[in-house]
Amino acid sequence: MSLNRQQLQAVTGIDTPMLVLAGAGSGKTRVVTEKLAYLVERGFSPAQLLAITFTNKAAREMRERAAARLRDQAQGLTLCTFHALGLRILQAQVRHAGLRPGFSVLDAEASFKALKELAPPGLDNERLYALRQAVSQIKNEGQAPGQALAAARSAGERAAATLYADYQKRLAAWNAVDFDDLIRLPLAMLEDDEAVRSRWQARFRYLMVDEYQDTNGAQYRLLRALAGDRGAFTAVGDDDQSIYAWRGADPENLDRLARDYPDLRIVKLEQNYRCSARILRAANAVIGHNPRTHPKTLWSALPDGPAIRVLVCRDDGHEAERVAADLVARKEAVGGRWSDCAVLYRGNHQARALEQALRLAQVPYVVAGGDSLFDSAEVKDLLAYLRLIANPDDDGAFLRVVNTPRREIGATTLDRLGEQAARLNLSLARSAGQDGVLRQLPARAAAALARFDEQLAQWRRDAGHLAVDELLDRVLAGIDYDQHLLATSKHPDLVQRRRRSLESLKQILAGFARQRHAGLAELTQLVALLGDQDEDQRDAVRLTTVHGAKGLEFGHVAVVGVEEGIFPHDAAISEDRVEEERRLFYVAITRAKRSLGLSYSERRRRYGSIEPCQPSRFLDELPLAELHWEGREPERDAAHSRELGKAHLARLAALFDD
DNA sequence: ACGATTTTCAGCATC
DNA sequence: TGAAAATCGT
């Protein structure tokens, strides 16, 4: 299949900076991979090319596509997320960034915990979230603590700036960075230091940025610093699919690009190759309810396909059952692969009812995102051990593992240790290694701490000559973790599951180590960022949030919980952010190639009690002619409705026999 | 210091 | 409803 005229322009335009406004399903990924190939043809070496995405999933997808297109040329390509790029820059110039080798990358949870401890005491959660948001926003604007303090006008801004300053002091003491720092610190180096800037500008001679509408202020400046005046970049994005404003994404960056690069060329991709004409009409109708700065008119040459089904259900359990039954009926009638179907929802917690129903209906499924391997306590524990071995300053890691498994080092001992550490200006783990500190403590506590310190010292020696998986085995043996698992797991199968988690962790770490030739410190840093990389390849229905489905496509898509309060979400309604929810809904329905089902419940269990629900306003925004409503039927008619469903699906099969 | 029991509270999405 | 935190009792 060849490129259309706009796609060709997007691919071959390399003499001026380029912005590609790519509608949903318009072959965006294809353009990016073709362009990478084109750049190589035109004399760029793959090592000089940098392709940036926002999510690990997108990076993985792009890597596969690039490998298929570029073959062995894809090897030298740098293809990663903004944050992974930031991490590389930091690793390459650790000292310059004010860090020491072995620094820790805090995950969102650890970072919030640190922030919470520094915030004024007695704040309710709502205020804490607001503060976290405020601090993160300051960082996403690329401001240093001093700048933020100077710029603060209101009392609220001063509170956020003060907290930010304290928080950064704490991170510095821990030799740690958070996710926002992975952008902010490299940016500061690039902007402030001519030498660093030219070094990285020489390293990357052409930049591709995917999902450009999701960039925040700091990321935009990072892009500009790397591209420099050469303007050797292509940004690909779609403002209608901007769904990360809550993460600081600023679609304003689209216009900023045109201002900063007057010779910017803009190409619009408006032919959709994915969705049936009917689904696309519905999508266009929905997004038409938003004010738009870069209006696009998406069109599809594909046939209409079946009507969009709207399922009205009794409650969330019923909804899940019907979705499951629908998937079974579809499989019987149309055949095809389970993996060509997806169930999309607004929040991860909605997966639970679906899982139950799918299990009952014996439909194979995989849940994307949600709680991964890295959310389990045992994996977090062991990763914290590794982090503490790599970075003796990581107080967060120390506190997590110091008494797991029990070492008889309790809260009082840690309080005393904390006082001593503060006095000496040392981390907790380092203080525990000081005789002077231990002498201040009761003999029992001091002995326990000394034992732990000795263990750590031994592991640090081991880390020098052992592979990660071997080191992990040694740690597991040293702390008798299996015993701890047995003692803390209520069910025997839970013990099995946890053992398996640790086995997977070992595999993943060993895999990373081999693949990236990374040492212990780099491994823990990468893992914080990348999470679980292996995709489940089984033929199974995919359950995912709408956010997680961005960039993916499926023959059949079911969107559940299309209700006021869920989609759009309550918080979005009260905070006047329905437009982003509408874009999210637009993303959801444009994942579907051939058939689309939407469903909502009349009642739903929320926080324990059963509450009545209203259908989502987005349903009213869909063209009535494209919809086929199916109210809830009496149970005795379930078989009948199944037959109806089959007849419907048989027609569908006749339309699309591929 | 630790496990058992009661109370609270509800983050929506990701790096 | 269910998980996490706070409190209680040994």
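Lettering follows sequence order; numbering is per chain, from 1. Quantities reported herein were computed from a predicted structural model and do not represent experimental measurements.
- For the residue pair W174(A)/D395(A), the side-chain donor-acceptor check at 3.5 Å is satisfied.
- Atom P of nucleotide dC15(B) and atom CG of L222(A) are separated by 17 Å, given to the nearest angstrom.
- Aromatic ring orientation, F567(A) versus F585(A): perpendicular (interplanar angle above 60°, classes split at 30° and 60°).
- A donor-acceptor pair shorter than 3.5 Å cannot be found between the side chains of Q483(A) and D480(A).
- When distances are taken from the side chain of H547(A) to each of dC15(B), dC2(B), dT14(B), the shortest belongs to dT14(B).
- In this structure, R352(A) reaches the sugar-phosphate backbone alone: every heavy-atom distance under 4.0 Å involves primed, P, OP1 or OP2 atoms, never a base.
- Shown for residues 79-88 of chain A: residues whose heavy atoms fall under 4.0 angstrom of DNA chain B, namely T81(A), H83(A).
- What separates CD1 of I52(A) from C1' of dC15(B) is a distance of 14 Å, to the nearest Å.
- Remark on DNA chain B: of its neighbouring residues L584(A) and G410(A), the 5'-side contact belongs to G410(A), judged by nearest-heavy-atom nucleotide.
- Note: CD (Q133(A)) to C1' (dA13(B)) measures 12 Å, nearest angstrom.
- Protein atom CG of D124(A) is 9 Å distant from nucleotide atom P of dC9(B), rounded to whole Å.
- The side-chain hydrogen bond (donor to acceptor under 3.5 Å, both in side chains) test with E581(A) singles out one residue from H569(A), R617(A), R346(A), and that residue is R346(A).
- Here the C1' atom of nucleotide dC9(B) and the CD atom of E126(A) are 13 Å apart, to the nearest Å.
- Comparing dG2(C), dA13(B), dC12(B) by their closest approach to the side chain of N348(A) singles out dA13(B).
- Between F82(A) and T53(A), every side-chain heavy-atom pair lies at or beyond the 4.5 Å cut-off.
- Nearest nucleotide to the H349(A) side chain, out of dT14(B), dG2(C), dC12(B): dC12(B).
- Side chain R346(A) to base dA13(B): a donor-acceptor pair is found below 3.5 Å.
- Between R605(A) and dG2(C) there is no side-chain polar atom (N or O) within less than 4.0 angstrom of OP1 or OP2.
- In this pair, Y129(A) does not lay its aromatic ring on the base of dG11(B); centres under 5.5 Å and planes under 30 degrees do not both hold.
- Judged by distance alone, the side chains of Q91(A) and Q525(A) do bring a donor and an acceptor atom under 3.5 Å apart.
- When rounded to the nearest whole Å, the span between CD of E109(A) and C1' of dA3(C) equals 13 Å.
- For the C1' atom pair drawn from dC15(B) and dG11(B), the interatomic distance equals 16 Å after rounding to whole Å.
- Nearest nucleotide to the side chain of T545(A), out of dC12(B), dT14(B), dG3(B): dT14(B).
- The only option from D570(A), D316(A), D315(A) that meets the salt bridge (Lys or Arg N to Asp or Glu O under 4.0 Å) definition with R606(A) turns out to be D570(A).
- Comparing dC15(B), dC12(B), dA13(B) against the side chain of N56(A) picks out dC15(B) as the nearest.
- Geometrically, R132(A) engages F112(A) in a cation-pi contact defined by less than 6.0 Å to the ring centre and at most 45° from the axis.
- Looking at heavy-atom distances under 4.0 Å, R606(A) makes no contact with the nucleic acid at all.
- Listed candidates were dA13(B), dC15(B), dC2(B). Nearest to the side chain of N403(A) is dC2(B).
- Residue-level contact check: D570(A) touches neither bases nor backbone, having no heavy atom under 4.0 Å from any strand.
- If you take CD1 of I566(A) and P of dC12(B), they are 11 Å apart, rounded to a whole angstrom.
- In this structure, E575(A) atom CD and dC12(B) atom P are separated by 11 Å, rounded to whole Å.
- Taking the six-membered ring where tryptophan is involved, the planes of Y212(A) and Y220(A) are perpendicular, since the angle between them exceeds 60° and thus also 30°.
- Closest to the A108(A) side chain, of the nucleotides dC12(B), dA13(B), dC15(B), is dC15(B).
- The residue T412(A) sits close only to the backbone: its heavy atoms come under 4.0 Å of sugar-phosphate atoms, none of a base.
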